[in-house]
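For reference, the structure is listed below as structure tokens.
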Amino acid sequence: HQMRQFFLFPAFLLASRVSAVTDGAAISEYIAQNGIVYTSSDYPMVIYENKYSYLVTPASSDKYTYEKAQLQELMARLELSWEYFLTTTGRSPAGVMVIKDANGNQLPFKPTIGIVPKHCGAACGMLGAGSVETDLHYMDVTYERVINGWETRGLIEYEFGRNFWYYDGRYQKDSGHWFHMAQVFATVMGYLSGV
């Protein structure tokens, strides 16, 4: 299917946000959804931040060395996607992941996109909580879209849809039914929120 071209954000928009972390700074620890503790000695990671969330990722994969400007561009786009969900649902899921800076200080909780080797599928988005995890393959796919100027609409935005699902019990059949309305919500809203 054909990808639409996406414009690059002006640098002044990226520089105008207030940040508690330095984009591209190393972190010392990340505790994943499944409880695995990733430390800088066994899985070195860097952090990026936008108004609503953190991105915690290795600085490179086998395919790419992630450039700071492109990851800031990605975070600017994901900020717009997050704002779409905020406007639509009227609330935001809380951050739940523990991240420590290079000095071992815990960062304030914020919804987090973690790029980790072990997670629950293509990606994991916690229902009603601000956490998305995926692996380097899907990070490379997303990064490639950014460097080519294509829209990033995809896996991360779908998982945001799971983060913003607050309706358990109201819009689903009995627990034995294979189809869950959260999937529909995540699919449709993830598509609509993508940029």
Side-chain angles (χ1 to χ4, degrees), residues 1-17 19 21-25 30 33 45-89 92-93 95 97 110-117 119-126 130-165 182-195:
H1 109 260
Q2 195 172 17
M3 300 296 288
R4 290 187 308 180
Q5 290 292 313
F6 190 84
F7 65 95
L8 293 178
F9 283 90
F12 73 88
L13 289 177
L14 297 173
S16 66
R17 65 185 171 81
S19 178
V21 301
T22 302
D23 281 346
Y30 173 74
Q33 292 175 23
M45 300 173 86
V46 295
I47 189 166
Y48 286 80
E49 181 181 28
N50 65 28
K51 185 175 177 181
Y52 304 107
S53 62
Y54 298 121
L55 168 67
V56 177
T57 182
S60 64
S61 68
D62 291 339
K63 190 172 181 179
Y64 293 110
T65 297
Y66 301 130
E67 298 294 331
K68 185 175 186 175
Q70 277 71 39
L71 290 182
Q72 288 174 325
E73 167 73 15
L74 172 61
M75 290 302 285
R77 293 180 189 195
L78 293 176
E79 183 173 308
L80 293 175
S81 295
W82 196 266
E83 285 176 347
Y84 180 83
F85 280 103
L86 281 173
T87 302
T88 303
T89 65
S92 179
M97 307 314 294
K110 236 178 175 181
T112 303
I113 303 148
I115 311 304
V116 293
H119 48 83
C120 69
C124 282
M126 298 175 72
S131 173
V132 171
E133 290 179 347
T134 191
D135 59 26
L136 281 171
H137 167 75
Y138 289 104
M139 179 61 182
D140 282 349
V141 169
T142 302
Y143 185 77
E144 190 169 282
R145 290 176 177 177
V146 171
I147 62 175
N148 286 312
W150 301 333
E151 64 187 21
T152 54
R153 179 182 326 219
L155 188 70
I156 294 173
E157 290 85 355
Y158 169 84
E159 298 298 339
F160 281 177
R162 293 177 54 78
N163 289 168
F164 278 86
W165 178 256
Q183 292 172 302
V184 174
F185 182 84
T187 301
V188 172
M189 296 298 288
Y191 179 81
L192 293 174
S193 73
V195 293

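This is a predicted model, so every value here is computed, not measured. Worth knowing before you read on, the calculation uses all heavy atoms, side chains too, and leaves out hydrogens, waters and symmetry mates. Positions are given from 1, in the same order as the sequence printed here.
When all heavy atoms are compared, the tightest approach of Ser81 to Gly194 is OG-CA, 4.0 Å. The heavy-atom pair separating Met45 from Ile115 by the smallest distance is CE-O, 3.3 Å. Shown here for Asp140 and Ser61, the closest heavy-atom pair between the two residues is OD1-OG, 2.8 Å. Nearest approach of Ile113 to Ser53, heavy atoms of both residues: CD1-OG, 4.3 Å.
Among residues two or more places apart in sequence or in another chain, the salt bridge (Lys or Arg N to Asp or Glu O under 4.0 Å) test is passed with Glu159 by Arg162. Residues forming a salt bridge (Lys or Arg N to Asp or Glu O under 4.0 Å) with Lys63 (at least two apart in sequence, or on another chain): Glu144.
In this structure, the ring of Tyr48 has its center no less than 6.0 angstrom from the ring center of Tyr54.
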Original post:
So Met189 and Phe85, side chain to side chain contact (heavy atoms under 4.5 Å, CB included) or not? Walk me through it.
Top reply: CA-CA 8 Å; Met189 296 298 288; Phe85 280 103; 3.3 Å; yes

**OP:** Carefully, step by step, assess Gln33 and Ser131 under the rule side-chain hydrogen bond (donor to acceptor under 3.5 Å, both in side chains).
**Re:** CA-CA 8 Å; Gln33 292 175 23; Ser131 173; 2.7 Å; yes

Subject >> Candidate pair Thr112 and Val132, rule side chain to side chain contact (heavy atoms under 4.5 Å, CB included), full reasoning >> reply: CA-CA 6 Å; Thr112 303; Val132 171; over 6 Å; no

**OP:** In sequence, state the C-alpha distance, the side-chain angles, and the governing distance for Tyr30 and Ile47, and then conclude on side chain to side chain contact (heavy atoms under 4.5 Å, CB included).
**Re:** CA-CA 10 Å; Tyr30 173 74; Ile47 189 166; over 6 Å; no

Subject >> Audit row: Ile147, Glu73, side chain to side chain contact (heavy atoms under 4.5 Å, CB included) steps and yes/no >> reply: CA-CA 9 Å; Ile147 62 175; Glu73 167 73 15; over 6 Å; no

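Taken to the nearest 0.5 Å, the CZ atom of Arg153 stands 4.5 Å off from the OH atom of Tyr191. The structure places NZ of Lys51 at 15.0 Å from CG of Leu78, a figure rounded to the nearest 0.5 Å. Atom-to-atom distance recorded for Glu67:CD and Leu74:CG is 14.0 Å, nearest 0.5 angstrom.
At distances below 3.5 Å, not a single donor-acceptor pair connects side-chain atoms of Thr142 with backbone N or O atoms of Thr152. Between the side chain of Glu133 and the backbone N or O of Gly114 there is no donor-acceptor pair closer than 3.5 Å. Without hydrogens or angle criteria, Asp135 side chain to Tyr138 main chain gives a donor-acceptor distance under 3.5 Å. Between the side chain of Asn148 and the main chain of Trp150, no donor-acceptor pair closer than 3.5 Å is present. Put simply, the side chain of Ser92 never gets that close to the backbone of Leu86: no donor and acceptor are under 3.5 Å apart.
Counting heavy atoms from C-beta outward, Pro111 and Asn163 have side chains that stay 4.5 Å or more apart. Inter-residue side-chain proximity for Trp82 and Pro93 is flagged as met; some heavy-atom pair is nearer than 4.5 Å. Counting heavy atoms from C-beta outward, Leu55 and Leu71 have side chains that approach closer than 4.5 Å.
In this model, no donor atom of one side chain and acceptor atom of the other lie less than 3.5 Å apart for Tyr64 and Gln70.
Checked against Glu49 for a side chain to side chain contact (heavy atoms under 4.5 Å, CB included), the options Glu79, Lys110, Met75 give a single hit: Lys110.
Checked for salt-bridge contact, Arg145 and Glu151 miss the test: no charged N lies under 4.0 Å from a carboxylate O.
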